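The model shown is predicted, which means the values in this text are computed figures rather than measured ones.
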Amino acid sequence: MALRAVAAPRCVRRFFSTSTLPAFNPPLPTKEAPLQKPNPEPNTNLCISGLNKRTTTSEKLREKASEFGEVVHAKVVTDRVSGYSRGFGFVEYATLEDAAKGIEGMDGKFLDGWVIFAEYARPRAPRMQPSGNMSSPYGNRSPSYHHQ
DNA sequence: CTTGAGCGG
């Protein structure tokens with residue numbers, strides 16, 4: 001029970017094939033495949049992919065996500081050096097259940113004419129949580145190293 | 001920098 005409808009393992013799913021293949025059998029009808037972890041553990045942080053690379057739908061994403069639950073924070077990831085959107089964003093819900101509803105609600109849906117995918121986000125890369133002030137590059141105590 | 005398969009400060 002509690003299995004997702006169209007939730008594919010990880011994020012590798014394909015559109016409807018326009019060309020009808022002769023007969024493509026699945027890997028193996030075995031019970032379980034020792035491939036990779038099905039889905040990450042539940043988290044209030046959601047990763048939304050499938051955004052238009054030429055459009056910053058940060059507010060749309062937030063509006064869309066707020067329909068399923070209370071969105072604490074929503075942001076579209078854009079390249080810091082280039083300034084262009086990378087085509088995906090993050091949505092943080094107030095609670096885990098809202099995050100689940102957000103995934104179930106936005107995952108596989110269309111946004112800006114493109115399919116978007118929602119999944120639990122992993123702990124982002126380091127280099128975040130700046131103390132806001134670094135005067136001493138040498139004798140800096142870096143009190144912000146205590147992440148989470 | 002007008003197009004994808006991806007995890008940001």
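- Listed by first and then second residue, the side chain to side chain donor-acceptor pair (under 3.5 Å) pairs involving residues 55-65 of chain A are A:Lys60-A:Asp112 (not counting sequence neighbours).
- Counting to the nearest Å, the C1' atom of B:dC7 and the CG atom of A:Asp79 are 13 Å from each other.
- Straight-line distance from the CG atom of A:Asp112 to the C1' atom of B:dT2: 14 Å, rounded to whole Å.
- In this structure, CD1 of A:Ile48 is placed 13 Å from C1' of B:dG8, rounded to the nearest angstrom.
- Toward the 5' end of DNA chain B, the nearer of the two residues A:Phe90 and A:Asn52, judged by each one's closest nucleotide, is A:Asn52.
- In this structure, A:Trp114 does not pack face-to-face on the six-membered ring of B:dG4, missing the 5.5 Å centre cutoff or the 30° plane limit.
- Checking B:dA5, B:dC7, B:dG9 against the side-chain heavy atoms of A:Val115 singles out B:dA5 as nearest.
- Distance, A:Met106 CE to B:dG6 P: 20 Å, rounded to whole Å.
- Atom-to-atom, CG of A:Asp107 to P of B:dG6 comes out at 16 Å; the value is rounded to the nearest Å.
- If you take NE2 of A:His73 and P of B:dC7, they are 18 Å apart, rounded to a whole angstrom.
- Among the protein residues, A:Ser82 comes within range of no part of the nucleic acid, since none of its heavy atoms lies under 4.0 Å from any strand.
- Here B:dC7 presents its C1' atom at 10 Å from NZ of A:Lys75, a figure rounded to the nearest Å.
- Backbone-only engagement by A:Phe88 is indicated by non-hydrogen atom pairs under 4.0 Å involving sugar-phosphate atoms exclusively.
- No N or O donor and acceptor, one from the side chain of A:Lys53 and one from the base of B:dG4, sit under 3.5 Å apart.
- A distance of 11.5 Å separates CG of A:Asn45 from OH of A:Tyr120, quoted to the nearest 0.5 Å.
- Among the nucleotides B:dC1, B:dG9, B:dC7, the one closest to the side chain of A:Cys47 is B:dC7.
- Contact annotation: side chain of A:Asn45 to base of B:dG8, donor-acceptor pair present below 3.5 Å.
- Distance CD (A:Glu119) to C1' (B:dG4): 15 Å, rounded to an integer number of Å.
- A heavy-atom distance below 4.5 Å is not found between the side chains of A:Thr44 and A:Val72.
- Screening residues 69-98 of chain A for side chain to side chain donor-acceptor pair (under 3.5 Å), with sequence neighbours left out, gives A:Asp79-A:Ser82, A:Asp79-A:Arg86, A:Asp98-A:Lys101.
- Under a hydrophobic-cluster definition in which Ile, Leu, Val, Met, Phe, Trp and Tyr are linked whenever side-chain heavy atoms come within less than 4.5 Å, directly or via other members, A:Phe88 and A:Phe117 are assigned to different clusters.
- Nearest to the side chain of A:Ala121, among B:dA5, B:dC1, B:dC7, sits B:dC7.
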